[in-house]
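Below is one structure; the comments refer to it alone.
Throughout, protein chains are lettered first and strands after them, A, B, ... in sequence-line order, and every chain is numbered starting at 1. Below, all heavy atoms of this structure are taken into account, side chains as well, without hydrogens, waters or symmetry copies.
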Amino acid sequence: MSNHPDAAAKTLDTNEFIKGLWKENPVFIQVLGMCPTLAVTNSVINAITMGLATSFVLIMSNLLVSSLRHVIPKQVRIATYILIIASFVTVADYVIQAVSLDVYKSLGAFIALIVVNCIILGRAEAFASKNSVGNSLLDALGMGVGFTFALLCLGGVREIMGNGTFLGYHVLSAHYQPWIIMILPGGGFFTLGAWLLLFNYLRKRKEKISMQ
Amino acid sequence: MDFDNLSFIFINASLINNFVLAYFLGICPFLGVSGSLATATRMGFAVIFVMLVSSTCAYGIHSLLLMLHAPYLELISFIVVIASAVQLVEMFIKKFSPALFRALGIFLPLITTNCAILALALFQTAKGYSFIECLVFALGAGVGFTIALVLMAGIREKLDLAEIPDTVKGTALAIMVAGILSLTFMGFAGLGG
Amino acid sequence: MNQIDLKKLTAPPNPWHMLRSMGGVGIVCALLIVVAFQGTLPRINQNKAEALEKAVFQVLPGTKNRATFRVNPDGACEPFQGEARGQRLVYAGFDENNKLVGIAVEAQGQGFQDVIRLIYGYSPEKQAVIGYQVLESKDTPGLGDKVEKDPHFLANFDNLEVPLAPDGGALQHAIEFVKSGGKQHPWQIEGITGATISSRAIANIMQKSTAEMVPLLTKNLETFQAGQK
Amino acid sequence: MNLTQKTLEIRTSPHILSGMSTDTIMRNVVYALLPVAAFAVYAFGLAAALVISVSTISTVLTEHVLCRLTKKESTIGDWSAAITGLLYGLTLPPGLPLWMVFCGGVIAIALGKFMFGGLGYNPFNPALVGRAVMQAAFPVAITTWHPAFTTDRFYNLPDSTLTLPFMAPVFKAVTTATPLAQMKFDHKIADSYDLAMGFVSGSTGETCAVLILLGGAYLAWRKMMNWRIPAAIFLTVIVLSEFFHYLKPEIYPDSLFMLLSGGLMLGAVFMATDMVASPMTSRGVMIYGALIGILVVVIRLWGGLPEGVMYAILIANAASPHIDRLVQPRVYGTGGVKRKT
Amino acid sequence: METTITVKKTFPHGVHPPEAKEETHHLKIRRFPFAPVMILPLSQHTGKPSKAMVREGQEVARGQKIAEADGFVSVALHAPASGIIKRIALAPNPVGRMTPSIYLQPFPASSQEVLEGTPIDPDTASPDEIVKAIQDAGIVGLGGAAFPTHVKLKIPEGKFVDTLIINGVECEPYLTTDHRVMLEQKDDIFMGIRYLMKVTGAQRTIIGIEANKLDAAQELSAAIPAGMPVSVEVFKVKYPQGAEKMLIKALLDREVPSGGLPVDVHTVVVNVATAAEIGRLLPHGRGIMERVITITGPGVAKKGNYWIPIGTPVRYVLEQAGAKDNISLVFLGGPMMGQAVSNLDFPFTKGTSGLVVFTEAETNSKPQKIYPCIHCAYCVDACPMFLNPSQMGILAKKERYEEMAEQYNLFDCFECGACSYVCPSHIPLVQYFRVAKGILREKKAAS
């Protein structure tokens, strides 16, 4: 019974939403979607835009995949998912261009690269193709929020340290010396590394406490 | 095409703006395959190969879509065509050079969904490179990827034997090492300029 | 329910079924893309035009209107409209009296990290560059991006003389790069301390571009003046 | 005498040791660096003294604190943290704000060494990791040089030195260009004698080539340093730069200038020779040294930066596991029998 | 014969530990009294233990064969003194393992008279007869390895030997037995060489000696019998030159293939003391009863070289040699490869070449702190086998033993100790390698 994909599909489970925020956070815990996580987080606005765009694609593709899950034959499912995802990414790409060309320019090709973000295909394959539309939506929302939150964590640290600003507003003293490395690629690696360290540390401590 | 321009494209793609260390492209295989040197090297060559194939495809698609006035199909076509092309090439290699297939084969499907490959197509389109430039760009990107991967693999093999503190073990360490490597590659900035 | 699903799972793949569902999804996707493309196209074009206008107006102070021209391979310029891809374009700027202020030219070259793209305004009247803006640069933030912000450096381009030699074929003086504090002539670009490489790269791009474009633009001056209809 | 009640020690052979000890080696490297540091203070005055002491204190302190935090025995007794601190301090410009010096020292140990498990496991030279992070973080401050041998250097500090933590420094005092920058941007070549004796501007410890070489000679004589590494670096740099100088003497400087200017001496003698991050075999270190030499020349002559020693060494560090693997010594008896007929 | 000795040859790598030979190298070999009880392990050699031929309570004469070889890789054992077999039981060996041993109680005031056996004539005896005689004489490698000498003298079918090397290198610090033997038993040595050349078919013999024994080299070359194709070569002093493979490399620049034997490069190496013993015993048909042992080290008063009967317990020797009160480390053999003893009741065997006693002063000054490997490459430059001890040490710590064997030739290590000696981080590399080899052998045996 429990093996069956649609077994628990009838009810909505808010855990599907919560898990993406922390326990199964796509960036900090699952370490997925590293490319956008590192590449576009040199400022908060980029991080948020990227987070939202990814969430949008994630939600829409999860919805569509989940609602079509009985229709799509197993053999062609991956191809179909990619098709769906690529379409939504194209949509997101145009919408961002229409909203702000500056943001679009600073994100560059990374909007289009959402297509190959493993989180999206991963959720479609691992969750949406086996669960109800409602739960898939919750899952996508959770993952999206978790992803955006992670990007914000990185973007926030990097923009504040690297530029002394948050969302473009000066939050530190006017004489603050920016750590330019933080908005360089190296800083991206180091910030993510530091966050992962923190999560590792917290997890280790929790394990230790629960063992006692 | 003058040689200076081509060499700049190559140096730029391989060292200055290394796909992995400056653009964070292909981090997944970078972290996943850099555990042992032997696989890293083979993976590197497979990437160079796929990059050349997909760069050619992307150039063709882009020209075709320009003629058809359908730029909005670019992303979808890149994905689909590159994936199929790599698959075809894979079958071709399997048939005609089993040795090469054994060496590179298992990596090919892995690479197809790698963001570095798609990014290569997108970048070369955005930069408006000519066909030759595209190939040099692809070669540079592939070589750069390989260099980063191989250096990383060497360091990680060495670190396998180190007494790493518990908290640092795992991805965090690899990311930090990548950060230091990324810093060292800053030394190449301005080369060929 | 269970039984039906099981049957579906164990059934041999039906090519027609596969094709049908792929086709269906394809159609949905195509619809999506086309709708999004069509829906956003006017806005995107407007954004692009605005961005371009902003740049042109900035490098040609006093401009109120602009016209786009294509540079043909033979060196002649002609009014141009439509898809910008793959074309070599320059933009003429006109003041409120419809008088030609100058011509904005895009140029690019190798910087510290990657290619730097910039746009500058050439005034035929003053025979000088009267404005400049960096369009795209990946040079180190806080160091290389001084070429976009440093007021002292930007002042170089308020009136950077590029007079033609009497025979009209070439510049009288090529633009020169001098280090900070060394500027003596109006055709020299003074570098930034600590960002020598990026500022030198800008000077190189300017030197190359003006040497080619200024004679060409001068030749086509009448076309530009007549450009605004 | 009663042999019955004797407790005997059980040890495994060998029962005698050479007497060489890791902390002795490290301590001697510090000794070899001291004259260099002393000259730095002599040339740049109080500012250099402060930079070097703050850098050393920061690394030693960080090592101690991190060991305590992870409940390990403090490892500052092996002197390696002190070397890192000294070396790192010697690569900094004398006017660098002290808070930056301190941050870099913390990073050098935490990121460059401790994270990998401490002494013996760092794949990169920790001092250079700290320096590279600082270079990327504060590119302006770290390339702002103060002139050497100013008259007031022993009682006046540059304005930038005492900048408040995390605040941007203001460089009011006269700054100057290093010989390398002058070569690169103005094609001006400094006098070799001045370079050798350290009468030029630059990082605190990189200016006096003679003292650095003396320190290196001492270490090489005590066999605490692999002389092949600097030798290979120097040789490569000499050959390459002479070649290009021969081709275009007006653009490319001669080898003497290349050797004596910038951080090449300090880097080749004290940084590239970091035992932990360099290859082990004699042939390996030759390749390693040659790689550094090539990278230094390439970055100096064609790169965007005037100086590339730091990057060259770091990249060679990254490559050294491969070099080690490629040139494992041929084990006795595995290469076939040399037959004499 | 006056020869000017040129010292050039040596092998690459290796180390230079302090020689510490000056206290005993000038002291003539002296005889040693019989201990009240002697313990004669049946397994004093590499290979199968000997088979006891006596029963408890039996009276034996000095020189009488009390155990015979059990198979080819085994040798006979002779009574070192006239006395009574007290019992045959397990007794500890230096590692602490118990091995079957014969306890012999010498008669009070037992004489040094020895039984005479069947003499073997080097000119008339066939090679096989000589091999058998050497086995019957209980001769093993006296340099320390205790490998039955006759085994390596038996040249396998299809192989040949062109050079016989007599190993007078004695590279272990402190030990001077070979030095004294070369000075005092020249005739025995040349006699032994006659037997050995006959057996191996070698056309020439080279005696290899290190430059710290120039007097021995000079006297030996002066004493070479006319017409004998023997020469003396002097090497630079370096450890472990006495190892067969290093000696062959230094002397002939030949390399014994990995896993092979000296005979693969057409040589046989015999220790000089072994050669002397062959030359001393075979003409009388006797067996080994005693051997020359250096007793030295800061912990003993009467340092010197002694003829010590096989089976004498360490305790008895220490008492006679005047051990000091504060001794804390006693090892059999030299300080580089010697084995520390836990138990003073352990007897001297045929393979023991020295007894070095350290006091607390020496052991306490030895640094205890082990640092991580700093890749200084001292060990790489020391290893005579051109291995990479540093990398193997790191692998051993991570218990990656297979990798050590497959990629880093662990089994070519012969535990000379040069790497541990030079290691500034005091990593017990040799010990790591011993453990690794042991575990790998066990694994192999299990599978």
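- Of the atoms belonging to D:Ala137, not a single heavy atom falls under 4.5 Å from chain B.
- Aromatic ring centres of B:Phe19 and B:Phe145: separated by at least 6.0 Å.
- Both the backbone and the side chain of D:Phe116 come within contact range of chain B, judged by heavy atoms closer than 4.5 Å.
- Only the side chain of D:Leu295 comes within contact range of chain B, judged by heavy atoms closer than 4.5 Å.
- The pair D:Lys113-D:Glu63 counts as a salt bridge, with a side-chain nitrogen and a carboxylate oxygen less than 4.0 angstrom apart.
- With a 4.5 angstrom heavy-atom cutoff, B:Ile147 does not touch chain D via any of its atoms.
- Of the atoms belonging to B:Leu37, it is side-chain heavy atoms, and not backbone ones, that fall under 4.5 Å from chain D.
- Looking at D:Asn122, its side chain never comes within 3.5 Å of a backbone N or O of D:Asn125 through a donor-acceptor pair.
- Panel note: side chain D:Trp145, backbone D:Thr143; a donor-acceptor pair is recorded below 3.5 Å.
- Judged as a ring pair (Phe, Tyr, Trp, His ring centres under 6.0 Å), and not counting sequence neighbours, the contacts of B:Phe24 are A:Phe189.
- Contact of B:Ile155 with chain D is made through backbone and side chain together, with heavy-atom distances under 4.5 Å.
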